[in-house]
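Input: a single structure, listed below in structure tokens.
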Protein chains: 2
Amino acid sequence: MIKCLNCKEVSGIVKSGKSNGSQRYFCKYCKKYFTIKVDEQKKLKTKEGITIKDIAQKLGLGISTISRALNSSDEIKKETKKIILETAESMGYEKNLTAIGLVKQQSFNIGIIVPELKSDFYSTLISGANHILKNKGYRIYIMQSEESYKNEIANTNALIASRVDGIIASTTFETKDFSHFTRAIQKNIPIVFFSRVNNELKTPKIAVDNYLGACMATEHLINKGYKRIGYLGGGKDFNIGNIRYQGFYDTLRKYNIKFQNKFILREDYIIHNSSQYIHQYLMSKNRPDGVFTMTDTIGIEVLKTAKNLGIKIPEDLGIIGFSDHIVSRYISPSLSTIRQPTMEIGMEAAKGLINLIDNRDDINIEFEYTTLLKPELVARDSTNKL
Amino acid sequence: MIKCLNCKEVSGIVKSGKSNGSQRYFCKYCKKYFTIKVDEQKKLKTKEGITIKDIAQKLGLGISTISRALNSSDEIKKETKKIILETAESMGYEKNLTAIGLVKQQSFNIGIIVPELKSDFYSTLISGANHILKNKGYRIYIMQSEESYKNEIANTNALIASRVDGIIASTTFETKDFSHFTRAIQKNIPIVFFSRVNNELKTPKIAVDNYLGACMATEHLINKGYKRIGYLGGGKDFNIGNIRYQGFYDTLRKYNIKFQNKFILREDYIIHNSSQYIHQYLMSKNRPDGVFTMTDTIGIEVLKTAKNLGIKIPEDLGIIGFSDHIVSRYISPSLSTIRQPTMEIGMEAAKGLINLIDNRDDINIEFEYTTLLKPELVARDSTNKL
DNA sequence: CTGTTAGCGCATTCAG
DNA sequence: CTGAATGCGCTAACAG
């Protein structure tokens, strides 16, 4: 590789025209030009792997026969196929997805958009999807929206430009307009939503049963003896939040627990810069003795703030979140939560997407469904009152 | 899309031959066949976006002129170029990387192999690399080895088969044989190692200055007044571990602290199933009053075990790790650690790889270097003795 | 069953 | 400066 002859730097070198028989380079670091003779650069173009043509020549067959053998259609003699497969193997043949993609108008790439990578939750979701997709010959582009609507649009556009065969996505909390996804669908790129789903688009959606999970969480607080129960979550534009809130609300009713509006905080700012608001919430004279938070992240924030204020957990305040964030089990006291069947959600989403891709052309069959998977209660110290 | 006519299932439907004018399907769930008329499946083949041919036709030019304009070579009239670029824009042209890839024998895909995704550390590393790579038009396949040597090999092979243009990798703690990477290099796929580097392969390596970091960690323990200082880490085959241990050892010497062999635990099992060994280590009559652990993960394990044994942290035992794991700041007491300039490492690795790719053919210029970036001490409660 | 041919969308000689 | 022709590796009609 090229090192700058002056400062030895390697990563800021750019080609800068040719002079007779030599290649000129420019180093961005020391701002100097230098020259290397072209004839010293014996090109070694490693052979790009062998092709079906090579196999055909070796066996004295036509390339289409090789193609057929490799794609195991039934229109080929068994013996011929066997021979071809064996020699292909022995020659170390590997199919060129780029070439196949050009012919088939496919890229064999799937895009996955998640809010973040660093959580157990999303990385497991991806693992689940990957497990199914790789077996079907698809590769994955992972994109992070970082909970930003703008990034989500950019990611989606990048995936469209890359001509992915399909998209699996969890939207950000900010996403209220879905036209970027519509654009993908119009380009015949199918989409499946997982975990954070919506009612806007007619696509498959795979998620945990958020309603049931919220009911379980609320019920858990009630069972543990908490009486003045509150809820903290994002604003009312967010579908998942609404569903979880509904489960919370209905469960309170079911158990004849007094519903108090002042214990409810449903605002978008709770998701991002919540600390001052949570502080305020917990400082009020008449505060709840137990809260269900829309997410573990919010729950962790509440837990930290409460600790700072000297509020005893779980005695004076019980907290239960949703999603089992990686930090929840390590924080002190550990945070109770609702765990989702993450791996399964990922796998189901991938299966749904593959089905969409395989039947891309069967247009006049309507296609929209939602799969809800069962959540699981994880009781930890933050609600361990009794 | 296709729904089973019997059970309404959608994700287990496979095509099963054609009968005259109809497509037969088989549902894996209810094990039944059903048929849908082909002529009801008006194929809608959304036009795969417009091509340079379309632009050429519209403008009455040759396709090669369009190609030139798009690739901004200098062999084209400025005005022509301007017109072409504008109409391309207005027509919504997007270049087809699959086709370009076939011609140029490139995939515009880069593979990144990391031990895990769910940590702050690796996801930030990836973000850094992504930032550089996307600006250069590359997309990324992310692979997780999950700290398994076997997976690492499988990942590498998958990337080779996918004909990526380059690989950025952090090896597992188990990796002692690097022949899978050698295979990639032989296929002319350049590799850059980041974070967990090795001395086996002649490639660029980007990492934090592990020696310096270990010195800083050890020095911190000494400054905090710990006297009987120990080390826990993986076995002696692992390069990073050796370097960190060396820093630890040298610092002890430098400060004339008594080095005690019984305080040292350098075994591979510490990385995976360490709990019983750590338990044993902490139970010994004469145990250290301060430890530097090779990673935060080990440090967290020590911290948990010590707490269970009733050992007071930081009074009776100080602990400092390495890497600033996401959990470290949340665990109680919070874990002191050495933070790495993660984003930068990722960016440098990407720059190095791009340089390798761009100069792939300049073979007789040797290319091997190591870039070491400065670490940062993060003092938290687990060493806050004074 | 098998071989021949024609592209998929684009970059790149080679002639103007 | 610009256009026509070639081919990257492979699949899919189309003929045998």
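What you see is a predicted model, and the numbers here were worked out from it, not measured in a lab. In what follows, every chain begins at residue 1, and chains take the letters A, B, ... in the order their sequences are listed. Reckoned from all heavy atoms, side chains included, excluding hydrogens, waters and symmetry mates.
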Rounded to the nearest angstrom, tell me the gap between atom CG in A:D54 and atom P in D:dG9.
8 Å
Can you sort out the partners of B:N151 under side chain to side chain donor-acceptor pair (under 3.5 Å), two or more places apart, ordered by chain and number?
B:E146
In whole angstrom, give the distance that lies between atom CD of A:Q57 and atom P of C:dT4.
12 Å
Angle between terminal axes - the helix from C:dC1-D:dG16 to C:dG16-D:dC1, 5 pairs each end, rounded to 10°:
50°
The answer to which of A:T65 and B:I63 contacts DNA chain C further toward the 5' end, by nearest nucleotide, is A:T65
For D:dG9, take OP1 and OP2 only and decide whether either is under 4.0 Å from a side-chain N or O of B:Q105.
yes
What residues form a ring-ring contact (aromatic ring centres under 6.0 Å, His included) with B:F193, not counting sequence neighbours?
B:F181
Is there a donor and acceptor pair closer than 3.5 Å between the side chain of A:S64 and the base of C:dT4?
yes
Of the nucleotides D:dT11, C:dG9, D:dC10, which one has an atom closest to the side chain of B:T51?
C:dG9
Atom-pair distance (NZ on B:K53; P on D:dA4), nearest Å
13 Å
C:dG9 P sits how many Å from A:K104 NZ, rounded?
16 Å
Pick base, sugar-phosphate or nothing for B:T80, based on heavy-atom distances below 4.0 Å to the nucleic acid.
sugar-phosphate
Please determine whether any donor N or O and acceptor N or O are separated by less than 3.5 Å between the side chain of B:R163 and the base of D:dG9.
no
Name all residues meeting the side chain to side chain contact (heavy atoms under 4.5 Å, CB included) criterion together with B:P190; count only those two or more places apart in sequence or in a different chain, and write none if there are none.
B:L353, B:L356, B:I357
OP1 or OP2 of C:dC8 under 4.0 Å from side-chain N/O of B:N96
no
Identify, with sequence neighbours excluded, every residue that meets side chain to side chain donor-acceptor pair (under 3.5 Å) alongside B:T182.
none
Distance in angstrom units between A:L102 CG and C:dG7 C1', rounded
9 Å
Please report the distance, rounded to the nearest Å, between CD1 in A:I84 and P in C:dC1.
13 Å
Who passes salt bridge (Lys or Arg N to Asp or Glu O under 4.0 Å) against B:E86, sequence neighbours left out?
B:K82
So if I take every side-chain heavy atom of B:R68 and compare against D:dT11, D:dT2, C:dC10, which nucleotide ends up nearest?
D:dT2
Rounded to whole Å, the CD1-C1' distance (B:I66 to D:dA5) equals 17 Å
For A:S67 and for B:V103, locate the closest nucleotide of DNA chain D by heavy-atom distance; then report the residue assigned to the nucleotide nearer the 5' terminus.
B:V103
Measure the shortest side-chain to side-chain distance between B:T87 and B:L59 over non-hydrogen atoms and say whether it is less than 4.5 angstrom.
yes
Between B:G60 and A:A99, who's closer to the 5' end of DNA chain D by nearest nucleotide?
B:G60
NA contact type, B:I100, heavy-atom cut-off 4.0 Å: base, sugar-phosphate, or nothing?
sugar-phosphate
Report yes if some heavy atom in the side chain of B:S127 is under 4.5 Å from a heavy atom in the side chain of A:Q144; otherwise report no.
yes
Can you tell me the distance, in whole Å, between the CD atom of A:Q106 and the C1' atom of C:dC8?
13 Å
Would B:I126 and B:V114 count as a side chain to side chain contact (heavy atoms under 4.5 Å, CB included) here? Give the steps.
CA-CA 9 Å; B:I126 291 171; B:V114 292; 4.2 Å; yes
